[in-house]
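A, B, ... follow the sequence lines: proteins, then strands. Residue 1 opens every chain.
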Number of protein chains: 2
Amino acid sequence: MELTERKKKILRAVVESYIRTAEPVGSKAILELAGLNVSSATIRNELADLTEQGYLEQPHTSAGRIPSPKGYRLYVNELMQEQRLSLEETRQINEALHLKMQELDKVIDQAGRMVSQLTNYPAFVLAGNARRATIRRFELILVDGSSFIAVVLTDSNVVRNKLIRLPVDLSEPQLQLLTTLLNTSFVGKTLEELTPELMRVAEHAAGSSYGLISLVVSFAMEVLESLGHSAVATAGTSHILDHPEYRDVGKAQKLMSYLSEEQALAQSLPLPALGDENTKILIGPENVAEELKDTSVVLASYDIGDGMKGVIGVVGPTRMDYAKVAAKLSYVADGLSKLFGQAELPPGKPEKEE
Amino acid sequence: MELTERKKKILRAVVESYIRTAEPVGSKAILELAGLNVSSATIRNELADLTEQGYLEQPHTSAGRIPSPKGYRLYVNELMQEQRLSLEETRQINEALHLKMQELDKVIDQAGRMVSQLTNYPAFVLAGNARRATIRRFELILVDGSSFIAVVLTDSNVVRNKLIRLPVDLSEPQLQLLTTLLNTSFVGKTLEELTPELMRVAEHAAGSSYGLISLVVSFAMEVLESLGHSAVATAGTSHILDHPEYRDVGKAQKLMSYLSEEQALAQSLPLPALGDENTKILIGPENVAEELKDTSVVLASYDIGDGMKGVIGVVGPTRMDYAKVAAKLSYVADGLSKLFGQAELPPGKPEKEE
DNA sequence: CTTTAGCACTCGGATAGCAAGAGTGCTAAA
DNA sequence: TTTAGCACTCTTGCTATCCGAGTGCTAAAG
């Protein structure tokens, strides 16, 4: 079932030409592209074989060939040349990583934009569920007499805050007290460990206060919970319209609105399937989601610390420049891993000044 | 130059029909819609007048009429009935406001999504430049020996954070010291007041530390600076494709990519022009941005506290359901104002009505 | 002076037919 | 196995034609 060398050459020519032009490729065009010393008739015979075997398709009898998903698959697995990024490109990515990724909880947003801009495809980023997340620190900051801001820092260095208003006034010392209480009783606990029992005890220790402890702790629980669900961000959906396969508005719209249902998207990705490889390409019908059956998805995973993984990906027509996209994606993913890694492991590079 | 009552009725019928159907309206159709007891010929005469005067346009000789921007303008100013939201709608909005608007710095994002979903148009939100923003509070939280997270809270209750890494180890007490130093020296200062002079003094007072003060303070300055530029968020751009005027992909793409240049968008909006009214409608060529010349924009302003204003808006074809959109937008804007208001004033100054 | 009926006219959109061009598949020979 | 040649298929673009919607105008009626 192995293809001859020549067939592979031809398949490759078809794929690469089609990726560039989005036009079916005919036998004559292949002649030049593949640099084979045979006639177009020979190529036609080969094409017929490849079509027979399911690697190519014909939009209609008298058109050239386009790759089938199976054809792309073979191409990606065996024929594709790894793409090296230019120095300029890596420089650009590095710069963006350093410039934009200051606040860890905005990372997925920014990373999405960046990738989308880099690849000209819509991108999405998800930060995997951190099942065992805990709070590392509480801070309460008085705003005025009757309200304060609760800030929690999780062990994955995500900072979240909420404005909490009270029916009564509150003093700075009271808040201090609460803060230390919170920091002694609730830090390092996972969601499950934050039992009502524990809260009752603390509430009691705090004395007076109006269920303040539970207000703050339930906020903390919300945060932990939200980290449990994977966070999703999509960006650059408008790039869909750049590609001729979506000149039909109906199609474009379907895909776009699917992408904006971020939860559905997250669900449909076979994250476990990523396994140990750090990039994965899903071609057309290989996608589980019905809406993605005639698009391709390129995924790259990044380490989020604690053995947790996040995923970054782009969506595009099956006629996608897999090599380039995979290269970029994987470079960004590495960058993200380092970014998160830095936070965890001690010695790194010195921070640049401003 | 006043139009007769009948002309107004006809204009109104044209606008409203066209808003619904996106099809040019003919004289016969108007008969039924406007409920006038005249013949179609009479209507045609009136239509000719209205076209003459620039309120209507004809796509081509043998088509019906569509409203011109001038026609829409008249409609919006005089003919449009204010739309009341249904109880269900207000309930829905209120719920979303309470549910989603916990973190103040995520508000503009969430508000955008919400409005876009509510109106089926792409939406954007900008939080006006807070020129005089100050820091209200610093917190430094140790992550591990050589890194910590700086959290700053601004006077507009925005919380921002950054992970800062050091070439040396740091102890909890040291951080404590720094924190109080920061909170005594730099709180309540505007961007301009955070002079190098001030930093030098504080740095000196802090003794040892590796320019730590300036690291944190320059982060704070970045934050203040970023609040100075207006923050922009766009959402729901895919809704553009819902409307038949964008069945042409080229057009849709242009608009989309314009919307994603958030800075340009923010620049182009005539915010001052909003003046005291709290909603404003810009029809077609009334927009300054070239890219919006054949779209309409509905804006509503909300109070962000401190006399500062933010703006929330949607973009759509000139054939937009102005009444409904304006109603929803203004309701959301009010909600936002209250949200911010809550944070700021205990019931000091009453809400402005109208 | 306004309204109306009647009618010719215009233009866009749909449909069909036709010619050109691209690319194939097949056959028969090298 | 490869190649040349050729008939065949199917798309694309163009043109012609028809149909209908809706107008604008005129002349008569209120």
Sugar-phosphate atoms are those with a prime plus P, OP1 and OP2; base atoms are the rest. Using that split, label each nucleotide of nucleotides 12-30 of chain C B, S or - for protein heavy atoms under 4.0 Å, 5' to 3'.
S---------BSBB-----
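Using Watson-Crick or G-U wobble geometry with both donor-acceptor distances under 3.5 Å, dA22(C) finds its partner in dT9(D). The nucleotide dG30(D) finds its pairing partner in dC1(C), both defining distances of the Watson-Crick or G-U wobble pair being shorter than 3.5 Å. When both distances must be under 3.5 Å, the Watson-Crick or G-U wobble mate of dA29(C) is dT2(D).
Using a 4.0 Å cut-off between charged nitrogen and carboxylate oxygen, K251(A) and E245(A) do not count as a salt-bridge pair.
For E23(B) and dG20(D), the CD to P distance is 18 Å, given to the nearest whole Å. Distance, L36(A) CG to dT3(D) C1': 15 Å, rounded to whole Å. One can place CD1 of I43(B) at 9 Å from P of dT4(C), the figure rounded to the nearest angstrom.
Shown here is K293(B), whose NZ atom has more than 12 heavy atoms of other residues, nucleotides or ligands within 6.0 Å.
In terms of heavy atoms, S268(A) sits closest to Y258(A) at OG-OH, 3.2 Å.
Of the N and O atoms on the side chains of Y75(B) and E16(B), at least one donor lies less than 3.5 Å from an acceptor on the other residue. Judged by distance alone, the side chains of S68(B) and E57(B) never bring a donor and an acceptor atom under 3.5 Å apart.
With sequence neighbours left out, D294(B) forms a salt bridge (Lys or Arg N to Asp or Glu O under 4.0 Å) with no residue at all.
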